[in-house]
Protein chains: 2
Amino acid sequence: MKIAELEQRLREQGLKLTRPRQAVLEVLSRSGSRLSPAEIHRQGRRSYRRLGLVTVYRTLALLEEMGLVQRVHTETGCHSFAGVRSPEGHHHQLICKDCGRVEEFSDCASEQLLAKLQKETGFAVEDHRLEVIGCCPKCQ
Amino acid sequence: MKIAELEQRLREQGLKLTRPRQAVLEVLSRSGSRLSPAEIHRQGRRSYRRLGLVTVYRTLALLEEMGLVQRVHTETGCHSFAGVRSPEGHHHQLICKDCGRVEEFSDCASEQLLAKLQKETGFAVEDHRLEVIGCCPKCQ
DNA sequence: TCGTTATTGAAAACGATTTTCAGTTAATTA
DNA sequence: TAATTAACTGAAAATCGTTTTCAATAACGA
Ligand SMILES: [Mn+2]
Ligand SMILES: [Mn+2]
Ligand SMILES: [Zn+2]
Ligand SMILES: [Zn+2]
């Protein structure tokens, strides 16, 4: 998502558009990869030197809540975040295991599967999370 | 998986069948839910009082490597683990968001999707992770 | 039973994330 | 523009899950 659009979203929520937040938004808007909070902090400090890591965490929490950023579950260990391209509806991620590049896709064709699961197990299916891991063209 | 089968698997790997490990295996074998390491520790101490949390972590790492236990990525925060029912092939989980009960399924019908993704993005797709979240019959 | 070696648990270390809190800043108002 | 104020911030400390260290122990084969 473009940075202007992200800023607009924040304003709509009545949130202040502070320099630290702008720095985080800029990083997320520019990058097409999943980034750890620490990495976002490092990059964000290029445009706003005094940016604190705490604020990165707080801003990410905010953006995740608003659906503007998506958490990436690496196989083991900690989480990274990736800015979403299209904030409407749900979508999934195709992640390069080498460089972290993220492609977003929305057509996960799981309607049938979910219906079947619901029928067979009696579970009321509410949500699902799909992550596809691969190797991007550049890294191959 | 039955505890005897789990024990057999350990032996096949030339691993010692210690009381701490037996305690962990028993918990995982008995439970149909995702459990945090701390919870496994608590329950495991019922059959072996001196069980250490460190050993729980170590045993889980071992079992995960052997494909006998699967990591569950909760939306935010830390990871839980669930013993697998059928250790062959890959499968996915249907998780009750209330009680943590886990149902396993293997037919995720994503062959087409993955092929399409690969074609459209140029990524070499290598793996995928699917978690379905819902509410089990008992919790509804 | 004995000896070897993997395994264990307590404690400490570690690293990521969260909380606290006093100072700052963005946005609103005069 | 200047004053006001509540939201926001960053440093430091606290917290929490996980890993490492290391001396002691226990499994298992001889
Ligand atoms: Mn995760
Ligand atoms: Mn699958
Ligand atoms: Zn790549
Ligand atoms: Zn349930």
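Each chain gets a letter, A, B and so on, in the order its sequence line appears, and its residues count up from 1.
B:Glu12 CD: more than 12 foreign heavy atoms inside a 6.0 Å radius.
With the nearest nucleotide of DNA chain D identified for both A:Val54 and A:Thr59, A:Thr59 has the one nearer the 5' end.
A:Lys16 is linked by a salt bridge (Lys or Arg N to Asp or Glu O under 4.0 Å) to nothing, counting only residues two or more places apart in sequence or in another chain. For B:Arg101, the salt bridge (Lys or Arg N to Asp or Glu O under 4.0 Å) partners are B:Glu103, not counting sequence neighbours. Residues passing the ring-ring contact (aromatic ring centres under 6.0 Å, His included) test with B:His128, sequence neighbours excluded: B:His90, B:His92. A:His79 meets the ring-ring contact (aromatic ring centres under 6.0 Å, His included) test with A:His73, B:His79; sequence neighbours excluded. Checked against salt bridge (Lys or Arg N to Asp or Glu O under 4.0 Å), A:Arg19 has no partners two or more places apart in sequence or in another chain.
The phosphate of D:dC28 has neither OP1 nor OP2 within less than 4.0 Å of any side-chain N or O from B:Arg19.
Picking from C:dT19, D:dT19, C:dG9 the nucleotide with the shortest atom distance to the side chain of B:Leu51 gives C:dG9.
Taking atom CG of residue B:Leu53 and atom P of nucleotide D:dC16, one finds them 14 Å apart after rounding to whole Å. In this structure, B:His79 places its NE2 atom 14 Å from P of C:dA16, rounding to the nearest Å. The CG-C1' distance, from A:Leu17 to C:dT28, rounds to 16 Å in whole Å. At whole-Å resolution of the value, OH in A:Tyr57 and C1' in C:dT20 are 17 Å apart. Summarising the geometry, the separation between CG on B:Leu10 and P on D:dC28 is reported as 10 Å, rounded to the nearest angstrom. Counting to the nearest Å, the C1' atom of D:dA26 and the CD atom of B:Gln22 are 12 Å from each other.
Criterion: ILVMFWY side-chain heavy atoms under 4.5 Å apart, direct or through other members. Under it, A:Met1 and A:Phe105 are not part of a common hydrophobic cluster. The hydrophobic cluster containing A:Leu94 also contains A:Leu130, counting ILVMFWY residues as joined when their side-chain heavy atoms lie under 4.5 angstrom apart, directly or transitively. Cluster membership check: B:Leu35 shares its hydrophobic cluster with B:Leu60, using side-chain heavy-atom separations under 4.5 Å among Ile, Leu, Val, Met, Phe, Trp and Tyr.
The ring pair (Phe, Tyr, Trp, His ring centres under 6.0 Å) pairs that include a residue from residues 5-27 of chain A number zero, where partners must be two or more places apart or lie in different chains. For residues 19-61 of chain B, the set of pairs meeting the ring pair (Phe, Tyr, Trp, His ring centres under 6.0 Å) definition, not counting sequence neighbours, is empty.
When only modelled atom types and interatomic distance are considered, A:Glu39 and A:Gln43 share a side-chain donor-acceptor pair under 3.5 Å.
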Distance-only check: which donor-acceptor pairs under 3.5 Å involve side-chain atoms of residues 108-117 of chain B, not counting sequence neighbours?
residue: B:Lys116; atom: NZ; partner: A:Asp107; partner atom: OD2; Å: 2.7

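Separating the CZ atom in A:Arg46 from the CG atom in A:Leu51 is a distance of 12.0 Å, to the nearest 0.5 Å.
The end-to-end axis angle of the helix from C:dT1-D:dA30 to C:dA30-D:dT1, rounded to 10 degrees and based on five pairs per end, is 40°.
Across residues 66-74 of chain B, not one residue has a non-hydrogen atom less than 4.0 Å from an atom of DNA chain D. For DNA chain C, the neighbouring residues in residues 30-48 of chain B, judged by any heavy atom under 4.0 Å, are B:Tyr48.
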Pick out the pairs of N or O atoms, protein on one side and nucleotides 5-7 of chain C on the other, that lie under 3.5 Å.
residue: C:dT5; atom: O2; partner: B:Lys16; partner atom: NZ; Å: 3.1
residue: C:dT7; atom: OP1; partner: B:Arg21; partner atom: NH1; Å: 3.0
residue: C:dT7; atom: OP1; partner: B:Arg21; partner atom: NH2; Å: 3.3
residue: C:dT7; atom: O5'; partner: B:Arg21; partner atom: NH2; Å: 3.4

